[in-house]
Structures are given as structure tokens and as C-alpha cells.
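To start, the structure under review is shown below, and the notes come after it.
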Amino acid sequence: MMLHYLQPAKLQSKKIVFEDVFSARDPATLEHLKELSSRRRVIEESINQSSFITEAIAREMSGGLTSHCLRDLQKLEQYLPLLENLIFHVDLVCSNHRVVRWISELKIRWSSALSSSSLFNLRGPKFFQIDNLRYELGMTLYLYAALLRERAIEILPADLVQSATLFREASGVFQHLANEVFPSLQSSQSVERPLEATPSMCTVMSIICLAEAQAVTIRKAEEKGTTVGLLAKLHYGITELLGEATAIVYSNTIEYKDISSSFLEFISSCKALHELRSRKYLAESVKIGEQVGVAIGVLCDALINGKRELPGEESWRSIFGKETDAASDMLRKYENENEFVWHEKIPCGDELPRLQGNKIANALPYHPKRWERELNFKI
């Protein structure tokens with residue numbers, strides 16, 4: 001069982017009408033702008049939950065897709081190449097003052113799904129405006145990556161291989177945002193921005209997706225009967241990955257001052273859960289090597305740490321509870337065996353074997369698509 005946290009995909013945005021702002025020189029350009037607005041409007045209505053389309057019609061319009069998540073991914077895949085083309089042509093004339101004014105008149109506004117002020121604001125989510133088309137591109141791509149991750153969770157019970165692939169794809173999109181898209185916004189230091197629009201948060205999300213991909217891969221490995229020693233290393237590899245994500249968050253307290261406490265708890269709980277599983281497999285591994293005393297010491301250590309990290313979220317506590325119960329049962333069995341057969345001394349602290357991690361998941365690179373069409377503006 002994995003801990004699930006779907007909040008990153010709960011973004012919202014305000015309406016944008018491109019043809020009301022950009023002045024087209026020819027009918028083809030105007031048509032392109034209208035299509036951009038149309039493609040974006042269906043995304044807005046879906047994420048803002050303001051659409052009046054029935055489930056049956058939505059399914060029919062998407063070609064029969066029953067998953068709401070898949071339908072949103074389809075909408076984003078139809079919008080992003082058009083947006084990439086607009087940005088390409090705007091970049092050619094970006095120094096023109098009229099174009100700069102047009103972009104500001106778009107009023108590109110997105111909410112944050114990871115800031116505490118957005119989550120607990122009684123008047124609705126707080127919206128952040130940045131007058132830059134790459135902000136629109138970045139937040140749309142962020143939503144796309146978050147939905148790829150959500151889809152990976154959605155299909156997890158049915159298809160482990162495809163689920164792991166989707167987590168890796170999401171990681172690649174977040175990596176692209178961290179390296180290629182959001183650094184260009186950093187020059188506007190005075191402009192308040194959502195956490196999602198920072199390279200470091202995209203790096204954190206990329207790492208989380210890799211950890212989740214590795215967790216799915218471990219489930220596949222468990223089905224194949226992989227050795228417990230390797231499983232211990234793979235679980236601790238997840239703990240190490242999430243340790244990297246935690247270090248990024250706590251190394252920049254100013255940027256993350258408004259971060260959601262539930263998001264932080266999710267990372268720390270996942271980290272603790274996989275460390276507990278790693279210690280459980282390590283205990284099993286040393287027991288196979290007839291070191292019963294060491295196995296007991298490892299399990300005692302695992303239970304002490306695991307109970308200290310119990311999360312507040314009920315569904316997460318349930319998963320933790322099952323894991324600690326399994327470790328407790330194993331400990332009782334080993335203690336009984338040691339009492340009647342082995343009589344080995346129980347080591348503790350520095351006498352116990354150190355956990356070692358193995359990180360095997362890697363991101364699938366994201367390659368932007370651009371629908372190439374000539375655009376001409378009246379400037």
C-alpha cells in the first residue's frame with residue numbers, strides 16, 4: 001500500500017480570452033487565437049468545476065473516456081501545442097511595447113494548491129498574477145504533470161507497469177519546468193508567485209514522482225519474489241529520495257514559509273513508512289543469515305521509529321498501523337524463536353547494521369510539442 005496525496009492537481013485559474021487582447025493582422029491568426037481561448041476555456045471549466053456539461057456528454061466529447069483525469073489530460077494535450085506556438089511568435093516581437101501591454105491585459109492568474117493560505121481561505125483560493133506567457137505555460141504544464149501523477153495513482157491497482165511509467169513521465173515534466181520554464185520567471189523577484197511556479201518546488205515534485213515510481217516498481221519486484229535484501233535497499237532508496245526533497249524544502253524557509261502542513265506531513269510520512277519497510281526486510285534478510293539477535297534489534301528499532309512518525313491523516317495512519325502490526329508479529333515470532341532455540345544477545349544502536357539505499361527510478365524526459373502555424377499581429 002502507498003500513501004496517496006492528490007492535492008497538487010487541485011489548481012484553479014481565471015478566464016483568459018486571447019483574441020480580446022491580441023490584435024490579429026489576418027483571419028488565420030484570429031482563428032488561432034480563438035481556438036487557443038476555446039481550448040483553454042474547457043480546461044478552466046473543468047479545474048474550476050464550473051462546467052454545466054453532463055457526464056454523458058463529457059464522455060462523448062472525449063471519444064468515450066470514462067476517467068475525468070484522462071479527459072483533463074486530453075484537453076491539456078490539445079491546448080499546450082497551441083500555446084507553445086503563440087509563445088514562439090510572441091518571442092519574435094517581445095520587445096514591442098504593445099505586445100508587453102497585451103500580455104499584461106491577459107491577467108494570467110492561477111491559484112496555489114500547496115500553500116496554506118490558499119487552502120484555508122474562506123473567500124476561496126488566492127490567485128497570483130504574473131504578466132508573462134511562460135507563467136501560463138508553466139502552470140499549465142504543472143497541472144499536466146500533476147494529472148499524470150494522479151492518473152498513475154488511479155490505475156495503480158490494475159497496471160503496475162503503466163503506473164510506474166506515468167509517475168516517471170510526470171517526473172520528467174516537473175524536471176522540464178524546474179530547468180527550462182520557471183527559471184526565466186525568477187528575474188521578477190518582486191512579483192508574488194505560487195509555490196508551484198518556483199524551480200525548487202518543481203524539483204521537489206519531480207523527486208516525489210520518482211519515489212512513487214520506485215514504490216510501484218517494488219510492488220512488481222515483490223510479486224516476482226525478489227530477494228528481501230534487495231527489497232530492503234529499494235525501500236531505503238525511496239527514503240533517501242524523500243530526504244532529498246525534504247532538504248530542498250527546509251533549505252529555503254522564505255520561499256516555503258506558506259507551504260501546506262499536510263504536504264510536509266505527506267513527505268515525512270512516506271519517508272518514515274518506507275524506512276519501516278526497509279528495516280522489516282533487513283530484519284528478514286539477517287534472520288535468513290541466522291543472525292536472529294540482530295534481526296530482533298533491527299525490528300525493535302523499526303517499531304520505535306515507526307510509532308514516533310505516526311501521521312495524523314486517518315487513511316495514512318491505517319496503512320502505518322498495518323505495517324507496524326506486521327513488524328510486531330514478526331518481532332514476537334523472532335523473540336520466541338530466540339528464547340527457545342538461539343539465545344542470542346540483542347544488539348542496539350551502533351551495533352545494528354546500517355541501512356543502504358538503491359535508487360533505480362529515473363525520469364522520462366519531456367519534449368514540448370508545438371503546433372506550427374504562422375501568426376501575424378498588428379503592432
Exercise. Does H89 use its side chain to pair, donor to acceptor, with the backbone of R373 at less than 3.5 Å?
Worked result: yes

Problem set entry | Any donor-acceptor N/O pair, E105 side chain to V21 backbone, under 3.5 Å | no

Exercise. Would you say the side-chain atoms of T29 pair up with the backbone N or O of N376, donor to acceptor, closer than 3.5 Å?
Worked result: yes

Exercise. Any Lys/Arg nitrogen of K322 or D325 sitting under 4.0 Å from an Asp/Glu carboxylate oxygen of the other?
Worked result: no

Exercise. Does K369 pair with E77 as a salt bridge, N-O distance under 4.0 Å?
Worked result: no

Problem set entry | NZ/NE/NH1/NH2 to OD/OE distance under 4.0 Å, K75 and E45 | no

Exercise. Can you tell me how far the CG atom of L299 sits from the OG1 atom of T324, to the nearest 0.5 Å?
Worked result: 12.0 Å

For this session: Count the heavy atoms belonging to other residues, nucleotides or ligands that lie under 6.0 Å from NE2 of H343, then report whether that count exceeds 12.
Result: yes

Problem set entry | Interatomic distance, E44 atom CD to K14 atom NZ [nearest 0.5 angstrom] | 10.5 Å

Problem set entry | Test salt bridge (Lys or Arg N to Asp or Glu O under 4.0 Å) applied to E309 and K271, step by step | CA-CA 9 Å; E309 296 289 342; K271 184 170 173 284; over 6 Å; no

Exercise. Can you tell me if Q214 uses its side chain to pair, donor with acceptor, with the backbone of I360 under 3.5 Å?
Worked result: yes

Exercise. Which other residues belong to the hydrophobic cluster containing L6, where Ile, Leu, Val, Met, Phe, Trp and Tyr are joined when side-chain heavy atoms lie under 4.5 Å apart, directly or via other members?
Worked result: M2, I153, L156, L160, F167, V216

For this session: Please determine if R279 and E275 form a salt bridge, counting it only when a charged side-chain N lies under 4.0 Å from a carboxylate O.
Result: yes

Exercise. Would T198 and Y256 count as a side chain to side chain donor-acceptor pair (under 3.5 Å) if you check the C-alpha gap in whole Å, the side-chain angles of each, and the deciding distance to 0.1 Å?
Worked result: CA-CA 10 Å; T198 59; Y256 290 92; 4.7 Å; no

Exercise. Hey, would you say the F182 and Y135 ring centroids sit under 6.0 Å apart?
Worked result: no

Exercise. Would a distance-only check, ignoring hydrogens and angles, find a side-chain to backbone donor-acceptor pair under 3.5 Å from S184 to E180?
Worked result: no

For this session: Using the ring of F18 (Phe, Tyr or Trp, six-membered ring only), decide whether R40 places NZ or CZ under 6.0 Å from its centre and within 45 degrees of its axis.
Result: no

Exercise. Taking NZ, NE, NH1 and NH2 as the nitrogens, is one of them in E169 or R151 under 4.0 Å from a carboxylate oxygen of the other?
Worked result: no

For this session: Drop me the distance from R149's CZ to F174's CZ, to the nearest 0.5 angstrom.
Result: 7.5 Å

Problem set entry | Main-chain N/O of C202 paired with S206 side-chain donor or acceptor, under 3.5 Å | no

Exercise. Do any pairs count as a side-chain hydrogen bond (donor to acceptor under 3.5 Å, both in side chains) and have a residue in residues 219-229, sequence neighbours left out, and if so which ones?
Worked result: E222-Y281

Seminar exercise, completed: One should read off an interatomic distance between K233 NZ and I238 CD1, to the nearest 0.5 angstrom, of 15.5 Å

Problem set entry | L282: hydrophobic cluster co-members (side-chain, 4.5 Å) | Y236, V286, V294, V298, L352, L355

Problem set entry | Derivation of the side chain to side chain contact (heavy atoms under 4.5 Å, CB included) call for E154 and S67 | CA-CA 9 Å; E154 190 174 79; S67 162; 2.7 Å; yes

Exercise. Given the rule in the side chain to side chain contact (heavy atoms under 4.5 Å, CB included) test, do W316 and E265 qualify, once you have shown the distances and angles that lead to the verdict?
Worked result: CA-CA 10 Å; W316 301 348; E265 186 181 31; 4.0 Å; yes

